[in-house]
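Just so it is clear, the structure is predicted and the values come from calculations on it, not from any experiment. Heavy-atom basis, side chains included; hydrogens, waters and symmetry copies ignored. Within every chain, numbering begins at 1; the chains are lettered A, B, ... in the order of the sequence lines, protein sequences first and strands thereafter.
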Amino acid sequence: MLNCMRKAGPIAAILVAAAGPALAETGPVVGQPAPAFTGTDSDGKTVSLADYRGKLVVLEWTNHGCPYVVKHYRSGNMQAVQKAARKMGAVWISVISSAPGTQGHVSGPQANKLTEARNAAPNKVVLDPKGVIGRKYRASNTPHMYIVGPQGKLLYMGAIDDKPTAWGDPKGARNYVLAALGEIKSGKAVTQPSTQAYGCTVKYAY
Amino acid sequence: MLLAGMGPALAASVVKTKHVTAELLSENAALAPGKTAWVALHFKIIPNWHTYWRNPGDSGEPTVIEWSLPKGYEAGRIHWTPPERIRVGPLANYGYSDIATHLVPVKVPESAEPGSTVTLKAKAYWLVCEQTCIPEEGAFTLSMLVLPGPPQPDPGTKDIFAKARAALPKPSPWPAQFAFRDGRFELSVAAKGLRRDSIESAAFFPYTHGVVTYAAPQSLKVETDRLVLSSTRSKAALKDGSAVGGVLVFREKLNGEMVTQAFAVTAKPGAIAPTATGTALSVWQAILFALLGGLILNLMPCVLPVLAIKALSFVRHGAAGRRHMGAHGLAYTGGVLACFALIGGLLVAAKSAGAAIGWGFQLQEPVFVLLMAWLMLVIGLNFAGLFDFGGRFAGIGQSLTERAGYTGSFFTGVLAVVVATPCTAPFMGPAIGFGLTQPWYTALAVVLGLGLGLALPFLLLSVSPGLLRFLPKPGPWMVRFKQFLAFPMFATAAWLVWVLSLQSGDTALLAALAGAILIAFALWLFKLGTGRVNRSIAVALAVVSLGGVVALARMADSSAPASVAVAPAGATWEPFSEARLEQLRQAGRPVFVNFTAAWCITCIANEKVTLRQASVLAAMKRANMAYLKGDWTRRDPVITRHLAKYGRAGVPLYLIYPPAGSAAKVAVLPQILEPDAFVADVNRYAPDKDRRKAER
């Protein structure tokens with residue numbers, strides 16, 4: 001019996017060590033298919049990434065209480081980016097992954113009220129209180145932006161622009177999302193496909 | 001708000017927000033024209049909330065100060081104290097909790113008019129977060145008087161500035177390289193002589209994104225000439241690959257307390273050689289290696305004869321004793337494992353007490369080597385047939401092993417371990433070396449693995465009757481074989497005597513050989529008869545031999561070299577010796593003594609920063625102060641005595657001895673040498689006129 005255990009130990013250790021990296025997900029990778037998801041929007045309807053196959057999709061992780069998000073909405077910048085993206089034919093999905101009781105968590109009607117009050121222009125607002133979609137995308141901050149191409153490939157992930165501050169005006173900053181959309185539409189490769197996102201941390205349920 | 005005892009500095013403003021009480025403080029009571037004045041934006045943050053470092057990590061934002069200064073005044077950048085890592089779920093930030101002091105140098109123009117009042121204005125923005133983040137800001141005014149002459153420190157802010165200054169990262173004394181490999185970030189620092197067990201922790205905080213994943217653990221490997229810190233690479237791209245800058249923070253165990261040392265590192269890209277597998281062994285690998293080492297140890301000349309004799313006893317008992325052979329084998333294994341458990345326990349205890357030991361440490365003790373040599377001789381003489389031990393002779397392993405019975409087998413196991421100690425086998429070194437760097441249960445597991453390896457062949461022999469068939473039948477050859485086995489024991493004894501001669505010189509060699517002859521003679525006398533006279537002579541001779549051992553022990557202690565260090569050409573220091581210290585003091589010179597060790601990071605930091613500064617060297621020259629450096633890397637007993645005298649268990653220890661005849665006492669300096677404080681201590685020995693000049 002002791003002999004058996006002595007043999008099993010090292011083998012078990014080897015198996016676990018091999019499985020380890022496989023168990024830890026690697027997260028979304030630019031150039032690879034974007035993680036599929038299905039969620040519920042602010043009107044209670046089911047929304048899937050697959051629904052938008054063939055279209056450009058912009059995902060915006062948001063939290064209306066976060067000062068960085070406030071900076072973009074109060075200045076009208078985020079609304080302008082949303083409208084410009086939709087004009088380019090993209091579908092804009094805002095995602096709220098705040099857990100119940102945390103900053104940014106809202107119900108469907110509350111989310112719709114916010115959209116109206118801020119004159120925002122997302123196609124859909126997906127409520128993700130359990131953080132399932134957020135974790136799939138490894139969304140770490142608000143705002144955290146992703147662009148999914150018509151073939152379902154991830155083309156951009158990261159910050160909305162190059163001014164990672166809670167103060168001041170986003171005007172004059174280089175907007176990574178609009179730049180990437182412009183490059184995609186003209187058939188070019190995205191020059192900055194992956195940047196460090198900034199903003200408040202996403203308030204996941206832990 | 002007026003700070004008590006502030007003198008000429010007028011109102012400094014305080015901004016109190018919901019989460020932070022922020023003040024703009026000045027180090028000096030007044031501004032001196034042409035000099036750099038230091039100010040600090042000092043935060044007291046409410047519990048559980050934090051502000052951020054220059055690189056905030058996964059989220060957050062560094063504090064920013066915007067200055068409005070009168071013409072000619074220039075504010076520099078914030079000099080950041082090292083941050084702590086603050087975890088937020090699966091992410092991490094670099095920031096400060098409780099207190100944050102942002103030091104800023106302000107250059108005062110030469111044209112500043114003495115007697116005038118100057119107003120320095122600043123607007124600061126900071127993000128303070130717990131779960132949620134609140135951007136806060138404050139407007140600060142500092143009105144200060146301009147006064148000529150040397151700047152006087154403000155006693156009200158002295159402690160805050162001293163604490164922040166002490167924490168500031170020092171320039172790294174070691175060159176560094178970085179590399180990305182297989183999704184990992186590796187930082188290699190060329191630091192010689194560091195020890196893994198004196199470093200409590202090490203952390204690297206890069207200045208930019210694109211280097212590490214902030215929440216990922218950082219692992220540290222210490223080798224003889226470098227340190228490698230490794231972590232998960234950042235998912236973001238590194239913007240400028242020409243160098244990676246950051247702060248390397250060590251927490252070091254020093255004289256019973258934890259000291260933090262921070263170094264500003266600039267690492268160039270370069271290939272980093274993989275760390276030696278010896279230090280990267282997994283626990284299972286180490287145990288396996290130990291097992292193999294133990295097996296091979298059976299073949300070494302120290303152990304093989306003992307085993308062979310025991311195996312012979314199996315042969316002798318033949319079929320009759322076969323039933324109990326398995327139990328004998330287990331008893332033997334028990335003896336071996338018990339012995340190794342004891343050794344493992346001693347090694348772990350010694351290691352945790354700070355001793356630098358590994359397998360083979362015992363061979364550095366001359367007394368142990370001498371005793372082992374004599375033991376090998378005695379066993380060899382027994383095999384050769386000079387004498388036999390009687391059953392009444394308790395306390396000698398051989399007699400115990402001759403006993404039929406399980407106790408006999410147990411003590412054979414113990415004897416096997418005892419004779420194995422001078423020998424090592426391949427695989428043992430890396431296994432035990434690795435084991436000693438791990439927690440006590442791992443170290444013990446590795447040592448027991450070694451014991452199991454040692455006991456295995458005999459155990460297998462005893463439990464499988466089939467193998468016994470391969471043993472030859474008993475016969476007169478057994479006597480000759482036993483006599484033959486005496487020679488490997490004599491060879492081991494000879495080797496040990498040679499080791500002893502290297503350690504303790506020719507007098508020790510004489511003592512060993514003389515003792516050997518006396519012992520052999522005593523044993524012969526003992527065998528001759530049971531007469532009381534014979535017995536007493538034998539015992540007397542044994543006592544004389546032991547006297548040789550004691551003399552050897554005393555000799556070893558006093559002849560140990562005082563210091564291994566040799567001063568390089570052009571060095572400002574000499575190696576420490578008590579004689580030289582006395583000589584210098586008698587010559588009327590004060591002496592600065594620095595006890596250091598290659599693995600002491602604080603020592604290195606002090607030497608490379610404070611002790612190299614021009615102002616320090618000039619002060620020592622002015623005071624005609626000699627500098628003696630004592631290297632404690634090999635735990636020189638003379639230095640250990642000095643350390644104990646001042647109540648220290650380890651280095652660093654900085655002393656200033658006054659010249660002989662002076663009424664002053666020996667000054668014991670703090671563990672962390674601040675240049676200004678050190679210069680002040682040195683200046684006490686400068687002749688008065690020079691001291692006054694220095695203070696101007």
Side-chain angles (χ1 to χ4, degrees), chain A residues 2-3 6-14 16-17 21 24-30 63 65-71 98-99 101-104 131 134-135 138-144 157-159 162-168 192-206, chain B residues 52 55-64 66 86-93 123-137 182-183 208-216 232 234-239 282-288 291 330 333 445 449 452 456 459-460 463:
Chain A
L2 234 95
N3 262 328
R6 271 217 297 275
K7 277 202 202 112
I11 295 176
I14 292 167
V16 169
E25 282 169 56
T26 44
V29 178
V30 168
N63 163 356
C66 166
Y68 295 83
V69 173
V70 167
K71 174 185 95 167
S98 299
T102 64
Q103 187 192 53
R135 280 186 234 262
R138 301 292 174 89
S140 52
N141 305 75
T142 52
H144 200 151
M157 62 179 184
D162 64 353
K163 240 182 166 185
T165 165
W167 285 271
Q192 280 175 292
S194 175
T195 58
Q196 175 88 21
Y198 69 84
C200 313
T201 53
V202 175
K203 313 297 177 204
Y204 288 112
Y206 293 125
Chain B
Y52 293 93
N55 174 1
D58 281 313
S59 65
E61 208 173 313
T63 303
V64 160
E66 286 169 7
I86 300 162
R87 280 187 218 272
V88 182
L91 305 173
N93 294 129
K123 192 128 196 278
Y125 304 85
W126 61 89
L127 194 70
V128 59
C129 309
E130 188 197 29
Q131 292 296 329
T132 56
C133 285
I134 315 289
E136 294 183 344
E137 56 189 70
D182 298 334
T208 61
H209 293 312
V211 182
V212 293
T213 297
Y214 295 112
T232 311
S234 166
K235 299 250 179 320
L238 181 64
K239 278 222 181 93
S282 71
V283 177
W284 285 109
Q285 272 179 315
I287 297 183
L288 191 67
L291 213 76
L330 283 175
T333 309
L452 195 63
L456 215 48
L459 183 64
L460 288 176
V463 298

Enquirer: In Å, rounded to the nearest 0.5 Å, how long is the span from CD of B/Glu137 to CH2 of A/Trp167?
Expert: 7.5 Å
Enquirer: How far apart are the closest heavy atoms of A/Cys200 and B/Ser59, and which atoms are they?
Expert: C-CB, 4.4 Å
Enquirer: Which residues pass the salt bridge (Lys or Arg N to Asp or Glu O under 4.0 Å) test with B/Glu130, sequence neighbours left out?
Expert: none
Enquirer: Can you find a heavy atom in the side chain of A/Thr201 that is under 4.5 Å from one in the side chain of B/Gln131?
Expert: no
Enquirer: Side chain, backbone, both or neither: which part of B/Leu91 has a heavy atom under 4.5 Å from chain A?
Expert: side chain
Enquirer: If you count heavy-atom pairs under 4.5 Å between each of A/Ala197, A/Gly199, A/Ser194 and chain B, which one has the most?
Expert: A/Gly199
Enquirer: Mind checking side chain to side chain contact (heavy atoms under 4.5 Å, CB included) for B/Pro62 and listing every partner two or more places apart, or none if nothing turns up?
Expert: B/Pro56, B/Trp80
Enquirer: Find the distance between CD1 (B/Ile134) and SG (A/Cys66) and round it off to the nearest 0.5 Å.
Expert: 10.0 Å
